[in-house]
Amino acid sequence: MEDDLTTGSLELQVMCREFEWFLQEEVKKFLNDLRNLIMETLKCFNITSNSNHTECRMKPEKFILSCPNGIHQSKCMVTLSGDYILEADLGIRLQKQPVIIYQTRIHPENPWKLQQIQDAGNHLQRALSTIESSVAISSSSLSSGARVLSFVDDLIGFLRLGRECICLPKFQPLDSTKSSFSPIQKVFRPPLPQDTVAAFYIQAQKLILSVNHLSSSNSQSKVDAGTRYQLECTVPWLNDALLMFTVALHKCQQIKDKVSAFAGYEAQFNRLRVNRENASTGGAMGSADSSSVQKTAATFTVGGAAEDGSGAGPDEPEITSF
């Protein structure tokens with residue numbers, strides 16, 4: 001029984017030391033790898049980290065958007081730079097007979113902003129700032145499994161929000177089109193017809209132009225989408241960014257799984273650390289006490305020898321003065 005307990009205690013000590021090494025080395029490596037990966041992803045979004053500000057370096061790219069099934073004759077050519085469509089030439093098919101292709105443009109002085117890309121970049125920046133602040137404080141900020149799990153959960157939250165910004169676009173309701181879309185529609189020159197609304201958005205790796213031909217209900221209080229079609233194209237760097245999001249989330253999940261594997265033993269690890277510290281402190285105190293005893297004994301011995309030397313030996317006659 002004692003052998004089993006001793007073996008279990010030794011195994012626990014080995015696991016404790018392994019966990020301490022993991023927190024000091026593997027977590028540090030994970031943070032460094034994730035930081036580099038996020039910085040590369042920010043470059044995909046036309047954002048690079050430079051101290052505490054961002055800098056845009058991506059060159060404008062031209063893309064041609066067309067109808068996926070090839071039914072509509074509408075086409076659109078855009079110049080994309082990061083989160084801005086700098087220029088666009090649109091040929092939109094109107095719901096009229098005979099078929100009319102309406103020509104309009106977006107000019108560089110009044111570009112179309114893709115808020116989804118900006119929002120995704122903001123979430124990446126928050127994740128990067130979280131990592132850098134943790135590294136700047138010290139490694140003690142992640143000195144326990146619970147702290148690492150909480151920290152990684154925060155990173156996962158930022159990364160998921162960033163990915164959702166790209167994959168799950170938010171649409172404004174059409175019944176508010178007249179008021180909410182009108183500022184956006186002003187980027188088109190010449191303006192679109194009053195019954196036509198066009199909007200650019202991102203969905204996964206695609207840039208999409210949605211065209212809605214509106215029709216009013218009988219009550220005139222609600223606007224419905226009479227017909228809708230879309231033009232789209234694939235943006236390669238969006239595909240790269242989504243892949244990097246996936247890799248970053250996978251790395252976070254891996255580190256969580258490894259920490260969770262040790263979590264059940266962490267209370268025992270803490271007791272072992274306390275016992276080791278107490279033993280170390282007790283050993284130091286014991287050494288000090290032992291040294292003190294030895295010094296006392298040595299002093300007593302030297303004193304005894306002096307007294308014996310000054311007295312008469314057992315074989316020497318005692319001298320008496322008269």
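Quick note: residue numbers are just sequence positions, from 1.
Under a 3.5 Å cut-off, the side chain of Q116 and the backbone N or O of I202 do form a donor-acceptor pair. Judged purely by atom type and a 3.5 angstrom limit, S150 has no side-chain atom pairing as donor or acceptor with the backbone of A146. Between the side chain of Y229 and the backbone N or O of R93, at least one donor-acceptor pair lies under 3.5 Å. Listed for the S210 side chain is no donor-acceptor partner under 3.5 Å among the backbone atoms of Q230. Between the side chain of N110 and the backbone N or O of I106 there is no donor-acceptor pair closer than 3.5 Å.
Checking K206 against T234 by side-chain atom types alone, no donor-acceptor pair falls below 3.5 Å.
The neighbour count for I64 CD1, taken as heavy atoms of other residues, nucleotides or ligands under 6.0 Å away, does not exceed 12. Atom CZ of R189 is surrounded by more than 12 heavy atoms from other residues, nucleotides or ligands within 6.0 Å.
Note that CD of Q254 and CG of L249 are 11.5 Å apart. Values are rounded to the nearest 0.5 Å. Atom-to-atom distance recorded for E18:CD and L23:CG is 11.0 Å, nearest 0.5 angstrom.
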**OP:** Check step by step if salt bridge (Lys or Arg N to Asp or Glu O under 4.0 Å) holds for K29 and E26.
**Re:** CA-CA 5 Å; K29 182 178 181 299; E26 284 295 308; 5.9 Å; no

**OP:** Go through the steps to decide whether D153 and K256 satisfy the test salt bridge (Lys or Arg N to Asp or Glu O under 4.0 Å), and finish with yes or no.
**Re:** CA-CA 8 Å; D153 282 338; K256 276 193 68 175; 2.8 Å; yes

